[in-house]
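Atoms considered below: every heavy atom in the structure, side chains included; atoms not considered: hydrogens, waters and symmetry mates. Every value quoted in this text rests on a predicted model; they were computed, and no experiment measured them. Just follow the structure's listing: the first ligand is 1, and inside any ligand the first atom is 1.
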Amino acid sequence: MKEFDVTIVGAGIAGLSAAIYLKRSSLTSVVLDKGAPGGKLLNIHEIDNYPGLGPVSGPELAMKSMDHATKLGVIYEYGNVLGITKDGDDYIVSTDMDQYRSKAVIIATGTQTKVLGVPGEKEHTGRGVSYCATCDGNFFRKKPVAVIGFKDQAVEEAIYLAGLASELYFVIPEPLDAEDKHIETLKGFENVSFLEGYNLKSIEGEKLVDTIVIEKEGKEEKLNVNGVFPLYGQRSTSDFLEPLGVQLQNGFVVTNETMASSLPGLFAAGDIRFKKLRQVVTAASDGAEAATSAIQYVNALKKKK
Ligand SMILES: Cc1cc2nc3c(=O)[nH]c(=O)nc-3n(C[C@H](O)[C@H](O)[C@H](O)COP(=O)(O)OP(=O)(O)OC[C@H]3O[C@@H](n4cnc5c(N)ncnc54)[C@H](O)[C@@H]3O)c2cc1C
């Protein structure tokens, strides 16, 4: 069992920001992640709303944030967090690799892209179905693709794909809920068809995807595509927190403005929080708040003893 004053779960922008702020205190801390540092940043083609950096690629911002953290001496360890339990005032964070005892924990595990659950989706994942245009878009250069979604992320990913694919079918099951600027950019591509009010019924193809079936008002249509990007939204990553009994809403951790959850010593930051605006800048801000609150909490606990 390893011991740190604070354990941060998740090395996305929220977790890295928290780790950087913790380094400004005398407390010890570790940041754990089951994937590469940077989290969702690694999947974003271009970020144009983070102050001071102008348009920046997600992977570049991830690399800069990790470099910054490493230079300050932040300790990063691999680990898929499977559960968290309490032992007196302490929290025990268990991963598939190790256990971590600490006085405070910051949950910064973000969200996951929702799976639509339509026939053919699971079987074709990695064989034409992808949830990350930035990661996989290149495989569909000059090929027809479909994006399914209605929010900003779907529109942003569609803009990226439109520049690569021969044709892009944008299947929009619900009224568009995205920035006008992004919608206008996407409309500027001649190879994009907006299919409003259509639902995705199935994904087909012998081994690789070659067809999708879409439906509107009971009428089905087939489209020939090689790539399908279901970008219907995000779901929380809090399953491992449920046994702990922390207050959740729709799976997201409820916090106050200091990022404190319903359990003393347990804080949350970034997209995993129950909140309205899930963006890079708000995740970074949450991380700073959560770290500052965790520092105050742990110092107060230490003084008591
Ligand atoms: C396609 C797309 C485009 C976007 N474009 C923009 C944009 O242009 N501008 C903008 O501001 N925002 C954008 N966003 C939103 C932005 O990416 C997020 O709000 C932000 O990155 C969230 O950061 P986070 O640290 O809270 O979570 P994440 O980046 O999701 O990081 C969470 C980390 O926790 C880890 N993790 C999860 N569960 C566990 C576990 N059990 N154990 C260990 N580790 C775990 C994950 O591996 C991950 O590294 C976009 C999002 C998407 C999906």
Side-chain angles (χ1 to χ4, degrees), residues 7-20 30-51 53-59 61-62 65-66 69 76-84 93-98 100 105-114 130-137 147 149 151-161 178-179 181-182 185 229-242 251-253 259 268-288 290:
T7 299
I8 302 163
V9 185
I13 193 76
L16 290 177
S17 163
I20 288 168
V30 63
V31 56
L32 307 173
D33 205 296
K34 63 178 179 179
K40 217 153 268 124
L41 294 181
L42 299 171
N43 303 344
I44 307 177
H45 171 57
E46 186 178 273
I47 297 165
D48 65 0
N49 55 357
Y50 193 83
L53 291 181
V56 61
S57 86
L61 182 55
S65 306
M66 189 56 189
Y76 162 82
E77 293 193 6
Y78 167 82
N80 181 11
V81 174
L82 304 172
I84 302 180
V93 176
S94 302
T95 75
D96 52 347
M97 308 292 285
D98 223 322
Y100 298 80
V105 175
I106 297 174
I107 307 296
T109 49
T111 55
Q112 273 178 351
T113 303
K114 273 184 194 160
S130 164
Y131 300 89
C132 175
T134 312
C135 321
D136 298 329
V147 170
K151 294 194 176 177
D152 257 321
Q153 286 162 12
V155 178
E156 284 175 39
E157 299 279 269
I159 291 169
Y160 175 65
L161 285 167
E179 278 184 36
K181 185 185 123 188
H182 291 145
T185 306
F229 293 81
L231 301 169
Y232 204 72
Q234 302 288 317
R235 70 168 196 85
S236 97
T237 49
S238 65
D239 298 356
F240 71 97
L241 283 177
E242 274 165 24
F252 294 92
V253 182
M259 307 299 134
D271 285 5
I272 188 63
R273 274 182 67 222
F274 181 72
K275 65 174 185 178
K276 198 160 176 274
L277 187 63
R278 293 196 171 86
Q279 291 280 278
V280 178
V281 72
T282 58
S285 161
D286 287 359

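Shown in contact with V280 at under 4.0 Å from a heavy atom are these atoms of ligand 1, numbered in order with element: 10 (C), 11 (O), 12 (N), 16 (C), 19 (O). Close contacts between ligand 1 and N80 involve ligand atoms 40 (C), 41 (N), 42 (N) [criterion: under 4.0 Å to a heavy atom]. Atoms of ligand 1 found under 4.0 Å from any heavy atom of G12, numbered from 1 in the order shown, are 25 (O), 29 (O), 31 (O), 33 (C). Ligand 1 places these atoms under 4.0 Å from at least one heavy atom of G79: 42 (N), 43 (C). The distance from ligand 1 to the heavy atoms of E157 drops below 4.0 Å at these ligand atoms: 1 (C). Close approach of ligand 1 to A14 is summarised as follows: ligand atoms under 4.0 Å from at least one heavy atom of the residue are 25 (O), 26 (O). Proximity to G39 (heavy-atom distance under 4.0 Å) selects the following atoms of ligand 1: 29 (O), 31 (O), 48 (C), 49 (O). For ligand 1, the atoms lying closer than 4.0 Å to a non-hydrogen atom of A108 are 32 (C), 33 (C), 34 (O).
The side-chain heavy atoms of Y100 and T95, taken from C-beta on, include a pair separated by under 4.5 Å. The shortest distance between side-chain heavy atoms of L61 and I44 does not fall below 4.5 Å. The side-chain heavy atoms of D96 and K34, taken from C-beta on, include no pair separated by under 4.5 Å.
Here the heavy atom of the protein found nearest to atom 27 (O) of ligand 1 is G110 CA, 3.4 Å. Nearest protein heavy-atom neighbour of atom 8 (O) of ligand 1: E156 OE1, 3.3 Å. The nearest protein atom to atom 9 (N) of ligand 1, hydrogens excluded, is given as N49 OD1, 2.9 Å; this is a heavy-atom distance.
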Atom pairs and distances, donor-acceptor, side-chain atoms in residues 275-282, under 3.5 Å, two or more places apart:
{"residue": "K275", "atom": "NZ", "partner": "T282", "partner atom": "OG1", "Å": "3.2"}
{"residue": "K275", "atom": "NZ", "partner": "D286", "partner atom": "OD2", "Å": "2.9"}
{"residue": "R278", "atom": "NE", "partner": "D271", "partner atom": "O", "Å": "2.8"}
{"residue": "R278", "atom": "NH2", "partner": "R273", "partner atom": "O", "Å": "2.8"}
{"residue": "Q279", "atom": "OE1", "partner": "N49", "partner atom": "ND2", "Å": "2.8"}
{"residue": "T282", "atom": "OG1", "partner": "L277", "partner atom": "O", "Å": "2.9"}
{"residue": "T282", "atom": "OG1", "partner": "Q279", "partner atom": "N", "Å": "3.1"}
{"residue": "T282", "atom": "OG1", "partner": "Q279", "partner atom": "O", "Å": "3.0"}

(message) The test is side chain to side chain contact (heavy atoms under 4.5 Å, CB included); show your working for I47 and L53 and say whether it passes.
(response) CA-CA 9 Å; I47 297 165; L53 291 181; over 6 Å; no
